[in-house]
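First the proteins, then the strands, lettered A, B, ... as listed; each starts at 1.
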There are 2 protein chains.
Amino acid sequence: MKDLLYLKDQQLKDLIEKLFIVYRDTFTDPKKILNKYSIGTAHHKVIHLVSTYEGISISELLKKLKITKQSLNRVLKDLVKLEVINFKKDEIDTRIKHVYLNEKGKKIFLEIFETQKKRIYNALLESSSDEVVNFDKVLKKIING
Amino acid sequence: MKDLLYLKDQQLKDLIEKLFIVYRDTFTDPKKILNKYSIGTAHHKVIHLVSTYEGISISELLKKLKITKQSLNRVLKDLVKLEVINFKKDEIDTRIKHVYLNEKGKKIFLEIFETQKKRIYNALLESSSDEVVNFDKVLKKIING
DNA sequence: TGGATATGTCAATATAACTTACCTATTATG
DNA sequence: CATAATAGGTAAGTTATATTGACATATCCA
């Protein structure tokens, strides 16, 4: 990054505004479907993570979501009632609970994901692979900053 | 985008997870300072927008934030009580109210922005200008999708 | 003059998070 | 083996941010 023209305050402000819009819209798109199952974005995030990290533990979920266990517990209870997740005790350390999506859960995840995917997918379709790779790279750098 | 390898579901899921993390962290960094002034992220967003779009109208704010006027009004009242914003009637159409940050507001914005900036700034410093340009391009495409 | 626009406000409700506090069960360690 | 640390659960109350619905006022435009 030699060309510091890219780092003017106004440009950073614009980027922050865009990050807000992208996040909001990405997590607003699925809301009609979430409503259908009487769940919200908090549940969606858990379903998303459990879909990506099958068998993730409760404490790993807490670290990724950065919420309190009381908050997570409410969401997990709802998902159990909705019959979309199940738990399996760790065979070695039985304190640890692993979370999985069952078939219904996987189906609902895909249904949600379809609506959420469109926005990202269409944007990436219109992008060069360089653009996509760079997009991902910068996201990673922001996260690890 | 010819190389469809970049568009596997797992990659899209990872991107969505990263968008969530980047948004959350970007708007978590300033919270210590927001606490100091007894305001929250909702107030921060308004201050941010008014800083970028000086003299923005109420209805323009509503369009950008995509919240109800009841919600916005609560936030604006708090900001008036904190004495960081003021209003000016449009000279032609007196129904329209323009919002401005006063000196205290500008100072507080900068204080908040400093903490928020670090994360983005450091990431961009470590990036090539191509990466930064592409990052911005893809964000725009996601927004306009 | 009547309809649309810009804004304000009251009341009730929902969602998702928080703090504080305390609990059990299990594993790891001195 | 005793004790600390870890993984997880739970209860009560609170806060932040948003919603819906209804209604009010002032101003502009055709």
In whole Å, I'd like the distance from the [atom1] atom of [X] to the [atom2] atom of [N].
X: A/Lys63; N: D/dA7; atom1: NZ; atom2: C1'; result: 11 Å
X: B/Lys88; N: C/dT7; atom1: NZ; atom2: C1'; result: 19 Å
X: B/Ile39; N: D/dT15; atom1: CD1; atom2: C1'; result: 16 Å
X: A/Leu76; N: C/dA16; atom1: CG; atom2: P; result: 13 Å
X: B/Asn73; N: D/dT17; atom1: CG; atom2: C1'; result: 14 Å
X: A/Leu72; N: D/dG9; atom1: CG; atom2: P; result: 8 Å
X: A/Leu79; N: D/dG9; atom1: CG; atom2: P; result: 13 Å
X: A/Lys45; N: C/dA17; atom1: NZ; atom2: C1'; result: 11 Å

**Request:** Report which part of the nucleic acid B/Ile92 touches: base, sugar-phosphate, or nothing (heavy-atom distance under 4.0 Å, all strands).
**Result:** sugar-phosphate

**Message:** Applying a 4.0 Å non-hydrogen cut-off, can you work out what A/Lys31 is touching in the nucleic acid: base, sugar-phosphate, or nothing?
**Reply:** nothing

Point-to-point distance, once rounded to the nearest 0.5 Å, from [atom1] of [X] to [atom2] of [Y]:
X: B/Leu62; Y: B/Leu72; atom1: CG; atom2: CG; answer: 5.0 Å
X: B/His98; Y: B/Phe87; atom1: NE2; atom2: CZ; answer: 12.0 Å
X: A/Gln116; Y: A/Thr28; atom1: CD; atom2: OG1; answer: 10.0 Å

By nearest atom, which of the nucleotides [options] is closest to the [X] side chain?
X: B/Lys69; options: D/dT27, D/dC23, C/dA16; answer: D/dC23
X: A/Gln70; options: C/dA17, C/dT19, D/dG8; answer: C/dT19
X: B/Thr68; options: D/dC23, D/dG8, D/dT20; answer: D/dT20
X: A/Lys97; options: C/dT27, D/dG8, D/dT20; answer: D/dG8
X: B/Ser59; options: D/dT10, C/dT7, D/dA7; answer: C/dT7
X: B/Arg95; options: D/dC28, D/dG8, D/dA18; answer: D/dC28
X: B/Thr94; options: D/dG8, D/dT27, D/dA18; answer: D/dT27
X: A/Lys89; options: D/dC23, C/dT26, D/dG9; answer: C/dT26

**Message:** Under a 4.0 Å threshold between the charged nitrogen and the carboxylate oxygen, would B/Asp136 count as salt-bridged to B/Lys140?
**Reply:** yes

**Request:** Might you confirm whether atom CD of B/Gln10 has over 12 heavy atoms from other residues, nucleotides or ligands at distances under 6.0 Å?
**Result:** yes

**Request:** Please figure out whether B/Asp93 or A/Gly40 has its closest DNA chain C nucleotide nearer the 5' end.
**Result:** B/Asp93

**Asked** Taking A/Phe135 as the fixed residue, which of A/Val132, A/Val138, A/Leu139 is the one that meets the side chain to side chain contact (heavy atoms under 4.5 Å, CB included) rule?
**Response** A/Leu139

**Under-4.0 Å side-chain N/O to phosphate OP1/OP2 contact, A/His43 with C/dT15** = no

**Request:** Answer yes or no: does a side-chain N or O of B/Ser71 lie under 4.0 Å from OP1 or OP2 of D/dT19?
**Result:** yes

